[in-house]
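To start, the structure itself, in structure tokens.
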Number of protein chains: 2
Amino acid sequence: MKKIGNQTFQIKDDVFVRDTFTIAGKKEGEGPIGNCFDIIVDDDLWGEDSWEKCELKFQKEAAKSLMQKNNLMEKDIDLLIAGDLLNQITSSSFAARDLQLPYIGVYGACSTMALSMGLGALMIDGGFASNVICVTSSHFCSAERQYRLPLEMGGQRHMSAQWTVTGSSAVWLSNGGFGPKIKNVTFGKITDLGVKDANNMGAAMAPAAYDSLSQHIADTKIKYDLIVTGDLGTVGKSIVNKMFNEENNSIEDIYDDCGTIIFDLEKQDVHAGGSGCGCSATVFGGFLYKKLLNKEINKLLFTSTGALHSPTATLQGESIPGIAHCVGIEM
Amino acid sequence: MKKIGNQTFQIKDDVFVRDTFTIAGKKEGEGPIGNCFDIIVDDDLWGEDSWEKCELKFQKEAAKSLMQKNNLMEKDIDLLIAGDLLNQITSSSFAARDLQLPYIGVYGACSTMALSMGLGALMIDGGFASNVICVTSSHFCSAERQYRLPLEMGGQRHMSAQWTVTGSSAVWLSNGGFGPKIKNVTFGKITDLGVKDANNMGAAMAPAAYDSLSQHIADTKIKYDLIVTGDLGTVGKSIVNKMFNEENNSIEDIYDDCGTIIFDLEKQDVHAGGSGCGCSATVFGGFLYKKLLNKEINKLLFTSTGALHSPTATLQGESIPGIAHCVGIEM
């Protein structure tokens with residue numbers, strides 16, 4: 001069994017993160033890591049007639065551009081693993097329609113990039129696939145109108161609310177080549193401490209992040225150079241730090257959150273930070289992957305975090321179940 | 001590489017379908033295979049205060065009952081793979097909250113049971129998991145109000161419309177024991193011939209079923225005793241038969257559809273047949289699994305079919321992408 005500790009899968013053979021392609025929106029392009037993205041799209045419709053169609057174009061173009069850049073044909077790719085925030089993950093499924101690859105649709109809310117990369121790594125290490133493409137996306141406008149309020153209303157945002165990242169990243173995993181390798185994968189359990197406020201997703205997801213991170217660290221005993229969570233923002237990040245500190249096991253020196261990396265929290269009026277499937281995806285694909293390639297980081301624990309609620313469940317009085325999936329990557 | 005032909009993954013080690021537990025609604029219990037289900041729930045709320053909460057109870061009870069029946073503890077299960085039709089797959093995620101197992105959420109619409117079982121089999125054969133639970137559900141009332149019209153309106157149903165199955169099945173896959181074995185898995189590509197009518201899902205999904213079935217058969221060259229699709233109903237089933245007949249490769253003698261097995265189409269007023277994630281799940285878990293155990297079938301090609309649309313996409317003029325995933329099982 002390729003399992004270590006209670007919950008972590010160990011990758012025995014080589015699974016390389018061979019390349020990434022990242023497309024981001026205007027606001028993301030103006031942020032502190034804006035120069036890391038392959039394409040920045042200034043228009044929130046990108047020539048389409050709805051935000052939802054724009055979002056699927058982000059996914060489709062990210063995956064197609066990644067394939068073109070690396071001369072990959074459809075026949076070279078064994079699996080496409082994709083998901084997004086929209087109902088029935090239509091951005092992913094409609095993009096997959098044009099990509100014509102064997103397709104596994106996943107739903108992990110904002111945890112989707114780590115979930116997809118973890119699954120893809122297992123498929124390669126299990127001997128089933130040579131090449132896998134993982135892709136995910138989010139779009140501020142499509143997410144806001146599905147999860148919260150019509151944008152046209154101009155509602156006041158809570159200070160604990162986060163800004164859904166407009167962006168998509170496609171990641172090519174392969175059993176051959178070079179680059180950083182995926183070494184360990186921990187799929188999370190659901191943690192739900194009863195937070196019901198959809199304007200405070202960081203607090204809803206932080207206990208799940210703590211649970212998966214501490215399980216992964218206990219299982220692997222690896223000293224990481226950098227631990228990042230997906231989109232906890234300032235509120236969730238401080239809760240994670242507090243939970244580790246209370247166990248006398250501080251990670252503060254090596255811990256950051258993609259939601260606080262992607263935007264300038266002082267200047268960009270995003271309140272608690274970035275969120276969405278596109279958040280950890282674009283920060284990994286655009287920023288962290290290059291740091292691994294340049295050996296600025298050698299051991300990265302990439303942990304996307306998801307809030308698995310729905311507007312219907314919230315209206316029915318339910319709290320927000322959180323989840324976090326960890327992917328340990330080493331250069 | 002454990003790949004045969006273009007698109008099929010071959011399971012080399014033993015992956016047993018060790019047991020199933022199936023819960024069905026009143027109408028399903030009154031149908032021709034009603035005596036195969038472990039529990040029949042007469043009340044469409046099962047003591048809950050919404051159909052959505054009732055559906056998640058179906059999933060939770062199916063998985064818990066399967067574990068209790070087989071003396072399985074949480075620590076014995078390496079992965080829970082689950083999905084359903086509701087927005088943000090809340091039936092699965094809220095059931096997973098109580099099950100406390102490492103959780104992979106998938107979305108394949110009505111193709112979810114074959115998708116989950118296929119993924120679970122690969123996880124076991126890849127050496128990552130010893131025991132996996134796959135679970136999915138649907139509920140007529142929660143599906144109708146999400147995808148179509150309020151039930152209270154009493155709208156007239158189209159003759160090509162299908163009846164969403166109220167039910168859930170949990171399937172235990174294991175690397176040890178006895179029982180039928182999963183041998184080959186084909187994850188489908190999206191096929192979309194432009195059908196836009198959400199009241200004719202069979203026609204939307206049939207070309208995808210034909211594509212995956214013919215790919216699986218070409219890849220494996222296995223002569224199956226029985227081929228079943230998930231929920232094409234009478235309309236889709238006849239299209240699949242026609243497509244194979246046009247290639248002079250008739251499968252009519254060995255082919256059936258779960259949507260036409262679960263209901264008495266003459267007497268139960270379900271029009272074109274059953275549908276939903278619960279359709280192929282309950283027909284497999286309750287009916288086909290027992291036929292395998294009793295050796296009435298030795299080689300089964302279980303193919304769940306999904307229509308990956310959303311009400312939003314339909315309102316925006318999109319057609320319905322179809323997908324089908326094949327799992328070859330042998331006793």
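Only heavy atoms go into these numbers, but all of them, side chains included; no hydrogens, no water, no symmetry mates. Proteins get letters first, then strands, A, B, ... in listed order; numbering begins at 1 in each.
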Met123(B) vs Leu122(A), test: side chain to side chain contact (heavy atoms under 4.5 Å, CB included). Steps then yes/no.
CA-CA 7 Å; Met123(B) 291 295 162; Leu122(A) 268 54; 3.4 Å; yes
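A distance of 5.5 Å separates CD in Gln316(B) from NZ in Lys53(A), rounded to the nearest 0.5 Å. Tyr107(A) contributes atom OH, which lies 7.5 Å from atom OG of Ser93(B) (distance to the nearest 0.5 angstrom).
Smallest separation of non-hydrogen atoms from Leu115(B) and Gly105(A): CD2-O, 4.1 Å. Closest of all the heavy-atom pairs between Phe128(B) and Phe9(A) is O-CE2, 2.9 Å. Contact between Tyr103(B) and His325(A) at its shortest, heavy atoms only, is O-CE1, 3.2 Å. Smallest separation of non-hydrogen atoms from Ile190(B) and Gln100(A): O-NE2, 2.7 Å. Shown here for Gln7(A) and Pro102(B), the closest heavy-atom pair between the two residues is CG-CG, 3.6 Å. Pairing each heavy atom of Asn87(A) with each of Gln88(B), the nearest pair is OD1-NE2, 2.9 Å.
Side-chain contact between Thr312(A) and Leu86(B) is absent, with no heavy-atom pair separated by less than 4.5 Å. Side-chain contact check for Arg97(A) versus Ser319(B): some heavy-atom pair is nearer than 4.5 Å. At a threshold of 4.5 Å between non-hydrogen side-chain atoms, the residues Met1(B) and Asp78(A) count as touching.
Put simply, of Thr191(A), Asp98(A), Leu79(A), the one with the most heavy-atom pairs under 4.5 Å next to chain B is Leu79(A). Considering only heavy-atom pairs separated by less than 4.5 Å from chain B, the leading option among Ile104(A), Thr90(A), Ile89(A), Leu119(A) is Ile104(A). Of the listed residues (Lys75(A), Glu318(A), Gln215(A), Lys3(A)), the one with the most heavy-atom contacts under 4.5 Å to chain B is Glu318(A). Taking chain B as the reference chain and counting heavy-atom pairs below 4.5 Å, the highest number among Pro311(A), Ser111(A), Gly188(A) is found for Gly188(A). In terms of non-hydrogen atom pairs under 4.5 Å with chain A, the most contact-rich of Gly306(B), Gly118(B), Ala129(B) is Ala129(B). The candidate from Gly83(B), Ser92(B), Ser130(B) with the greatest count of non-hydrogen atom pairs under 4.5 Å with chain A is Ser130(B).
Residue contact with chain A, scored on non-hydrogen atoms closer than 4.5 Å, involves the backbone of Gln10(B) exclusively. Residue Ser212(B) does not touch chain A at all, counting heavy-atom pairs closer than 4.5 Å. Contacts between Leu85(B) and chain A at a heavy-atom distance below 4.5 Å involve the backbone alone (N, CA, C, O). Residue contact with chain A, scored on non-hydrogen atoms closer than 4.5 Å, is absent for Ala109(B). Heavy atoms closer than 4.5 Å to chain B are found in the backbone of Leu101(A), but not in its side chain. For Asn6(B), no part lies under 4.5 angstrom from a heavy atom of chain A. Contacts of Leu308(B) with chain A are made by both backbone and side-chain atoms, with heavy-atom separations under 4.5 Å.
Classification of Lys189(A) and Glu74(B) as a salt-bridged pair fails, no side-chain N sitting under 4.0 Å from a carboxylate O.
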